[in-house]
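The structure appears right after this line, and notes come after that.
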Amino acid sequence: DWNISIKKTTNNQYEIIGEALPHSGWHVYSAFLPENTAIPTTITINPGLGFKAVGGIVEQPAPETHFDESFKAELKWHSKKATFTQKIEVTQPGKINISGFVEYMVCNDETCMPPDQIEFNFTVEGAEPAANTAPRDNNVKQSTDAASIQEQPLPTQLDDVDQTQQETTQVNQQQISQHTNESADT
């Protein structure tokens, strides 16, 4: 039995996950086999806009290794639950359609089934580009009068918070009084 799903891993990356659970006595082949032997398990992504495959297929757990009489070779396979994963990077915003298929082959000690494919089709949301915002400096007190800008250090201990707030209030009251007196003089 197979279950094909998609999982979002970061803002612009997804994983296509093929989960195989072979029936008792059967095995599904690894993604990595010698040439001219069994059909390896693959995840094929159909070409499309707005995404790209990243890296190769990853399978977990590590497959078992056995000498296969039918192919006269050391082959790797999974006789229990196995997960095959392909990373996808979304390259544009909006809805993105990702389709493809998982191809696999199952065998037991006596026979193999013909290779089979399971199609998938997922729609994901593309990532928005990151906003370019400058970091804000919280240590600078802002004022409309450029000459009155004063640096206020951030408190380093909890006890300093009340003292810093009191000093800021006093400075603000002094500036208001000074500004009011200057306005009255003119």
Side-chain angles (χ1 to χ4, degrees), residues 1-140:
D1 293 330
W2 279 88
N3 181 38
I4 313 297
S5 61
I6 192 163
K7 175 183 170 186
K8 186 172 188 172
T9 58
T10 66
N11 190 36
N12 64 343
Q13 287 198 343
Y14 291 83
E15 292 178 339
I16 304 289
I17 302 167
E19 187 177 85
L21 186 57
H23 292 272
S24 180
W26 291 84
H27 53 264
V28 62
Y29 285 101
S30 167
F32 308 99
L33 296 177
E35 288 187 30
N36 302 316
T37 61
I39 302 295
T41 300
T42 58
I43 299 176
T44 299
I45 309 296
N46 294 330
L49 297 176
F51 67 91
K52 63 182 178 179
V54 177
I57 192 171
V58 175
E59 63 185 285
Q60 291 184 346
E64 309 160 29
T65 301
H66 299 274
F67 183 79
D68 189 293
E69 285 293 331
S70 302
F71 295 105
K72 305 286 187 226
E74 290 280 326
L75 300 182
K76 295 179 181 183
W77 65 61
H78 300 274
S79 57
K80 296 180 181 168
K81 180 180 170 183
T83 303
F84 299 86
T85 305
Q86 174 63 60
K87 290 184 180 182
I88 303 291
E89 182 178 332
V90 176
T91 58
Q92 68 185 36
K95 292 193 183 294
I96 308 293
N97 187 49
I98 302 172
S99 65
F101 60 91
V102 173
E103 183 173 34
Y104 67 99
M105 185 173 167
V106 294
C107 296
N108 63 20
D109 290 339
E110 298 175 10
T111 188
C112 291
M113 299 300 290
D116 201 1
Q117 294 180 353
I118 300 173
E119 294 184 3
F120 59 83
N121 190 355
F122 299 107
T123 301
V124 299
E125 195 63 39
E128 294 293 330
N132 187 10
T133 57
R136 184 174 169 194
D137 188 351
N138 291 326
N139 291 335
V140 177

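Please read these numbers as outputs of a predicted model, since none were measured by experiment.
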From Thr10, Val124, Asn11, residue fulfilling side chain to side chain contact (heavy atoms under 4.5 Å, CB included) relative to Val90: Val124

With Glu15, the side chain to side chain contact (heavy atoms under 4.5 Å, CB included) member among Val58, Thr83, Thr85: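 Option passing the side chain to side chain contact (heavy atoms under 4.5 Å, CB included) with Glu15: Thr85.
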
With rounding to the nearest 0.5 angstrom, report the [atom1] to [atom2] distance, [X] to [Y].
{"X": "Phe84", "Y": "Trp2", "atom1": "CZ", "atom2": "CH2", "result": "5.0 Å"}
{"X": "Lys95", "Y": "Asn97", "atom1": "NZ", "atom2": "CG", "result": "11.0 Å"}
{"X": "Thr37", "Y": "Leu75", "atom1": "OG1", "atom2": "CG", "result": "5.0 Å"}
{"X": "Asn3", "Y": "Leu21", "atom1": "CG", "atom2": "CG", "result": "10.0 Å"}
{"X": "Ile88", "Y": "Lys52", "atom1": "CD1", "atom2": "NZ", "result": "11.0 Å"}
{"X": "Ile4", "Y": "Glu19", "atom1": "CD1", "atom2": "CD", "result": "9.0 Å"}

Heavy-atom pair with the smallest gap, counting every atom of Ala31 and Ile57: CB-CG2, 3.5 Å

Heavy-atom closest contact (Pro115 atom, Ile39 atom, distance): CG-CG1, 3.5 Å

Sub-4.5 Å side-chain heavy-atom contact between Phe120 and Ile45: yes

Heavy-atom donor-acceptor pair, Glu89 side chain to Tyr14 backbone, under 3.5 Å: no

Aromatic plane relationship, Phe71 with Tyr29 - under 30° parallel, 30 to 60° tilted, over 60° perpendicular: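 Rings of Tyr29 and Phe71: perpendicular, over 60°.
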
Side chain to side chain donor-acceptor pair (under 3.5 Å) contacts in which one or both residues fall within residues 39-50, not counting sequence neighbours: Asn46-Ser99

All pairs passing salt bridge (Lys or Arg N to Asp or Glu O under 4.0 Å) where residues 55-80 contributes a residue, at least two apart: Glu69-Lys72

Could you list the donor-acceptor pairs under 3.5 angstrom formed by side chains in residues 101-114, with sequence neighbours left out?
from	atom 1	to	atom 2	distance (Å)
Tyr104	OH	Asp116	OD2	3.4
Asn108	OD1	Glu110	N	2.8
Asn108	OD1	Thr111	N	2.7

